[in-house]
Amino acid sequence: MCKRYSLPAEEARPGPLTNAAEFLAAAAASSSPALVARSEIDVPAPPAVLTGAGDLVVVVGRPGDAFRVAAQMASSFGLRSVDVDDRRSAILARAEGVNGGTAVVTALAWDGSAAEALRSMSADQVWVAVDVGRKHDDTARWVEEVRVVSEVAAAAVVGEADTATPGTVHLLGVPVGWRESL
């Protein structure tokens, strides 16, 4: 049997509990397919993945997510998957794309050294690989770090099958342009 405890009124904690309730209400509202279908939620239109010869598309995210999304985008959109980690390798990847008549895509694991690498690549398009099953606040923090360094075109969503609130991704303010095949 579970025993329930409650704090006396003078010890009740204001703030975080209210914010959590507001967050959950917003998450539930943004996760409703009916609301999205009726356009009651302002969801920006996503851009198309760049596919021009020599275009460099960078997918940024947690290591597993970024690499998985980049590989799936390469397959889905006919992009060449390349390894890029600095300015020089970005130039070589673009040249490879021009010679092959295709855009190139690379994954960048977001960590302490990734900001400088992303700056040096001068990507034509940056996508964030977002696992919607992870805590929203943690995801929002690193997505904002990416946005400080580069314009983010769209989010590529993974993990929708593993969460009850996949719509929280819209709270990031980044259009959702791609969803992982389930």
Side-chain angles (χ1 to χ4, degrees), residues 23 26-27 30 41-160 166-181:
F23 171 77
S30 67
I41 298 173
D42 185 22
V43 179
V49 175
L50 293 179
T51 58
D55 285 341
L56 175 60
V57 178
V58 178
V59 178
V60 180
R62 294 177 53 85
D65 300 335
F67 288 93
R68 187 168 83 218
V69 167
Q72 290 178 8
M73 288 177 97
S75 176
S76 297
F77 299 107
L79 310 178
R80 183 179 301 239
S81 183
V82 294
D83 289 328
V84 174
D85 57 9
D86 59 14
R87 181 180 178 275
R88 183 177 181 281
S89 58
I91 292 169
L92 293 173
R94 288 174 185 277
E96 185 178 323
V98 169
N99 287 335
T102 184
V104 294
V105 63
T106 192
L108 178 63
W110 193 254
D111 61 19
S113 64
E116 187 53 42
L118 183 58
R119 266 188 210 93
S120 72
M121 290 178 198
S122 298
D124 294 302
Q125 194 173 59
V126 174
W127 287 63
V128 289
V130 174
D131 182 341
V132 294
R134 297 201 176 272
K135 291 182 180 178
H136 173 76
D137 289 347
D138 296 338
T139 301
R141 179 187 43 77
W142 72 258
V143 168
E144 279 307 309
E145 290 172 2
V146 173
R147 292 173 93 174
V148 166
V149 175
S150 177
E151 180 180 340
V152 173
V157 174
V158 300
E160 283 185 303
T168 57
V169 69
H170 298 298
L171 299 175
L172 295 172
V174 176
V176 174
W178 184 84
R179 285 180 157 69
E180 182 176 47
S181 304

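Counting begins at 1 with the first residue of the sequence. Because the structure is predicted, anything quoted here is derived from the model rather than measured.
A side-chain donor-acceptor contact under 3.5 Å links Asp55 to the backbone of Gly52. A side-chain donor-acceptor contact under 3.5 Å links Gln125 to the backbone of Ala48. Using a distance-only test at 3.5 Å, with no hydrogens or angles considered, a donor-acceptor pair links the side chain of Thr106 to the main chain of Val84. For Ser75 (side chain) and Gln72 (main-chain N/O), no donor-acceptor pair under 3.5 Å exists by modelled atom type.
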Name every donor-acceptor pair, under 3.5 Å, that has one atom in a side chain of residues 146-159 and the other anywhere in the protein, sequence neighbours excluded.
unit_1: Arg147; atom_1: NH1; unit_2: Glu144; atom_2: OE2; d: 3.1
unit_1: Arg147; atom_1: NH1; unit_2: Leu172; atom_2: O; d: 3.1

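The shortest distance between side-chain heavy atoms of Asp131 and Arg62 does not fall below 4.5 Å. Val69 is not listed as a side-chain neighbour of Glu180, based on a closest heavy-atom distance of 4.5 Å or more. Taking 4.5 Å as the limit, some side-chain heavy atom of Leu118 sits within range of a side-chain heavy atom of Trp110. Between Val49 and Trp178 the shortest side-chain heavy-atom distance does not fall below 4.5 Å. Two residues are said to be in side-chain contact when any heavy atoms from C-beta on lie closer than 4.5 Å; Thr51 and Leu79 meet this criterion. Between Trp127 and Val105 the shortest side-chain heavy-atom distance does not fall below 4.5 Å.
Applying the salt bridge (charged side-chain N to carboxylate O under 4.0 Å, His left out) test to pairs two or more places apart or on separate chains, those with a residue in residues 118-127 are Arg94-Asp124, Glu116-Arg119.
In terms of heavy atoms, Thr102 sits closest to Gly78 at OG1-O, 2.9 Å. Closest heavy-atom contact between Ala117 and Asp85: CB-O, 3.6 Å. Taking both residues in full, the closest heavy atoms of Thr139 and Arg134 are given as OG1-CB, 4.0 Å, listed atom of the first, atom of the second, then distance. Nearest heavy-atom pair, Pro46 versus Pro175, reported as atom, atom and distance to 0.1 Å: CA-CB, 3.7 Å. The shortest non-hydrogen separation linking Val59 to Ala129 is CG1-CB, 3.9 Å. Across all non-hydrogen atoms, the minimal contact from Ala93 to Val104 is O-CG1, 3.5 Å.
Rounded to the nearest 0.5 Å, atoms CG (Leu171) and CG (Asp137) are 10.0 Å apart.
A 6.0 Å sphere centred on CG of Asp138 holds more than 12 heavy atoms belonging to other residues, nucleotides or ligands.
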